[in-house]
Each structure stands twice: as C-alpha cells, then as structure tokens.
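Quick notes on the structure that follows.
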Amino acid sequence: MENRTPLRLAVAQPPCVPLDVAENARAHAAAVRAAAARVVVFPELSLTGYELDAPVVSVDDPRLVPLVEACAETGAVALAGAPVAGDHIGVLAVTGAGVTLAYRKMWLGAAEARRFRPGDAPVVLEVDGWRVGLAVCKDTGVPAHAERTAALGIDVYAAGVVESARDAAVTDQRAHRIATAQRVWVAVASFAGSTGGGFTETAGRSGVWTPAGEVVARAGTEPGESVGVTLG
C-alpha cells in the first residue's frame with residue numbers, strides 16, 4: 001500500500017516479577033513510553049513471567065490500566081503475553097481504548113501442554129495499513145506456522161519468546177529463516193533476566209530482521225531494554 005504511513009515498530013524486554021501482574025504492567029507501561037513506537041512487542045507470558053500455573057489474566061483486569069494509559073498517551077498498540085481463559089497462552093493487544101485477546105499460541109511445549117490448549121488459527125492485526133502476523137515462541141520453530149500466517153498476507157511477523165541464555169542462537173536462526181522464506185519483516189521480543197518458571201537467566205537480544213534476513217535492531221541481554229525501527 002503506497003499511501004500507508006511509516007510504522008514505528010519496537011521490541012521490548014521489560015524486567016519481570018514472576019506472578020506480579022500489577023508490577024509487570026507498570027514495567028510494560030514504562031517500556032511503551034520509552035519505545036515511542038506505534039507497535040510494541042513483548043515476550044511470551046510477559047505479564048506473569050513464564051509461570052505455567054499463573055492465573056489467567058482477563059481483558060478487563062484493572063491491573064492493566066497503567067498499560068492502557070501508556071498506550072493512550074503514546075498512541076501505541078502493545079502486544080503483551082499472558083495466560084488467558086481457555087486455557088491458552090495468549091497475546092493481548094492493548095491500546096488506549098482497552099484490551100482485547102488478539103491471539104492464542106498454536107504450538108505448545110511439552111510442559112505447556114499439560115495445562116494449556118493450542119489455539120486453532122493464525123491471526124493478523126492491521127495497524128495503519130500494515131499487516132502484522134502474531135506468534136508465540138515455539139510457533140516460530142514450526143515452518144507451517146509462518147507459512148499459514150504469511151498466507152493471510154502480512155508485512156511483519158511479530159513474536160514474543162522465552163529462551164534460556166544458552167539457547168540465544170535459536171531465536172536468530174528461526175527469525176532469519178522466517179524472514180527469508182516469507183520475505184517479511186520479523187520482530188522478536190525475547191525475555192531478559194529472570195522470568196520465573198525455572199528461567200533464571202534468559203537470552204534477551206530482542207531484535208528486528210529485514211525481509212532479507214538482516215538484523216537491523218538488536219537489544220542487549222539486560223532487562224529493561226527496547227529497540228525499534230521505522231518501516232516504510
């Protein structure tokens with residue numbers, strides 16, 4: 001679409017207090033303000049930490065108000081991770097107007113499958129004429145997920161992930177494969193620091209890849225960092 005406006009896209013790796021949705025929502029709000037982007041992608045289960053027994057987070061949870069307010073101030077769409085009713089690992093789309101359930105993770109890890117159910121369909125969000133396909137962690141390791149999502153017509157494949165520090169290369173390999181196979185931008189928000197659930201040291205290194213598979217923005221390994229690019 002030649003007449004669409006440029007899209008500022010950011011990936012964030014906020015500090016996390018396991019199971020403390022209120023504190024994590026405040027950290028997300030700070031990240032949204034710092035990123036100054038139209039779309040801000042957060043890691044898998046970012047609002048609870050990677051705690052597979054965390055209670056579900058509803059779209060009308062009052063603890064999310066600080067994040068809604070930050071999105072209202074900046075005009076951002078925040079893509080945050082949480083357990084949602086179903087039970088699913090979900091992506092919540094947060095704007096100044098409120099919170100909606102945008103996507104349910106389709107491919108689950110073995111431990112996740114003991115509690116959660118897989119989502120049944122890929123999802124694309126449209127933001128200012130840009131089409132953003134959504135993914136969560138293991139989804140990115142299944143080529144069929146990117147293929148089905150790209151078949152809906154996307155400009156960006158946006159994923160929230162959790163990887164241990166020793167598996168940092170996995171994210172890079174998957175992002176490069178998706179970008180070059182589907183010829184789309186890839187944005188991956190990867191947890192940094194401790195996230196609960198046995199992850200005492202996660203990979204960080206959130207990034208954005210061009211459709212040619214080149215890294216154009218890269219965070220470090222510390223919690224609290226975000227990076228972004230302008231598309232278009």
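Nothing here was measured: the structure is a model prediction, and the numbers come from that model. Below, each value reflects all heavy atoms present in this structure, side chains not excepted, and no hydrogens, waters or symmetry copies.
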Consider only side-chain heavy atoms of I, L, V, M, F, W and Y, link residues closer than 4.5 Å, and tell whether [X] and [Y] are in one cluster.
X: Val142; Y: Val188; value: no
X: Ile89; Y: Leu64; value: no
X: Val91; Y: Val99; value: no
X: Val21; Y: Leu52; value: no
X: Leu67; Y: Val40; value: yes

Within-4.5 Å side-chain heavy-atom neighbours: [X] and [Y]:
X: Asp139; Y: Lys105; result: yes
X: Arg117; Y: Asp120; result: no
X: Leu231; Y: Asp155; result: no
X: Tyr50; Y: Glu112; result: yes
X: Val136; Y: Tyr103; result: yes
X: Pro83; Y: Leu45; result: yes
X: His176; Y: Thr180; result: yes
X: Leu134; Y: Leu79; result: yes

So which atom in [X] and which in [Y] form the shortest heavy-atom distance, rounded to 0.1 Å?
X: Ala54; Y: Leu19; result: CB-CD2, 3.6 Å
X: Pro66; Y: Ala29; result: O-CB, 3.5 Å
X: Thr149; Y: Val124; result: O-CG2, 4.2 Å
X: Pro118; Y: Leu108; result: N-CD1, 3.6 Å
X: Phe42; Y: Ala31; result: CE2-CB, 3.8 Å
X: Ala76; Y: Val32; result: CB-CG1, 3.8 Å

Output, in order, the C-alpha distance, side-chain angles, deciding distance and verdict of side-chain contact (heavy atoms from CB on, under 4.5 Å) for Val94 and Val77. CA-CA 6 Å; Val94 185; Val77 179; over 6 Å; no

Candidate pair Val162 and Phe199, rule side-chain contact (heavy atoms from CB on, under 4.5 Å), full reasoning: CA-CA 9 Å; Val162 179; Phe199 283 91; 3.9 Å; yes

Under 30°, 30 to 60°, or over 60°: which ring-plane class applies to His145 and Tyr157, parallel, tilted or perpendicular?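 It falls in the perpendicular class, over 60°.
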
Rounded to the nearest 0.5 Å, what separation is found between the [atom1] atom of [X] and the [atom2] atom of [Y]?
X: Arg4; Y: Trp130; atom1: CZ; atom2: CH2; value: 4.0 Å
X: Lys138; Y: Thr140; atom1: NZ; atom2: OG1; value: 10.5 Å
X: Cys137; Y: Arg174; atom1: SG; atom2: CZ; value: 6.5 Å

Would you call [X] and [Y] a salt bridge, using N to O less than 4.0 angstrom?
X: Arg115; Y: Asp87; value: yes
X: Arg26; Y: Asp20; value: no
X: Arg177; Y: Asp172; value: no

Give a yes or no on this: more than 12 heavy atoms of other residues, nucleotides or ligands lie within 6.0 Å of atom CD of Glu201.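 12 or below, so no.
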
Can you give each donor-acceptor pair under 3.5 Å made by side-chain atoms of residues 5-17, sequence neighbours left out, with the distance rounded to 0.1 Å?
unit_1	atom_1	unit_2	atom_2	d
Arg8	NH1	Thr230	OG1	3.1
Arg8	NH2	Gly228	O	3.4
Gln13	OE1	Arg205	N	3.4
Gln13	OE1	Ser206	N	3.1
Gln13	OE1	Ser206	OG	2.7
Gln13	NE2	Gly220	O	3.0
Gln13	NE2	Glu222	O	2.9

Side-chain donor/acceptor of [X] to backbone N/O of [Y], under 3.5 Å:
X: Arg33; Y: Cys71; result: no
X: Thr210; Y: Ala212; result: yes
X: Thr95; Y: Ala97; result: yes
X: Arg104; Y: His88; result: no

Applying side-chain contact (heavy atoms from CB on, under 4.5 Å) to Val84 and Val56, what does each step give before you reach the verdict? CA-CA 5 Å; Val84 297; Val56 300; 5.5 Å; no

For Arg38, check salt bridge (Lys or Arg N to Asp or Glu O under 4.0 Å) against everything at least two apart and list the hits.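 Here the qualifying residues are Asp128.
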
Apply side-chain hydrogen bond (donor to acceptor under 3.5 Å, both in side chains) to Ser58 and Asp61, showing your working. CA-CA 5 Å; Ser58 66; Asp61 192 314; 4.8 Å; no

Full working for side-chain contact (heavy atoms from CB on, under 4.5 Å) between Leu101 and Leu92: CA-CA 5 Å; Leu101 173 56; Leu92 301 179; 4.1 Å; yes

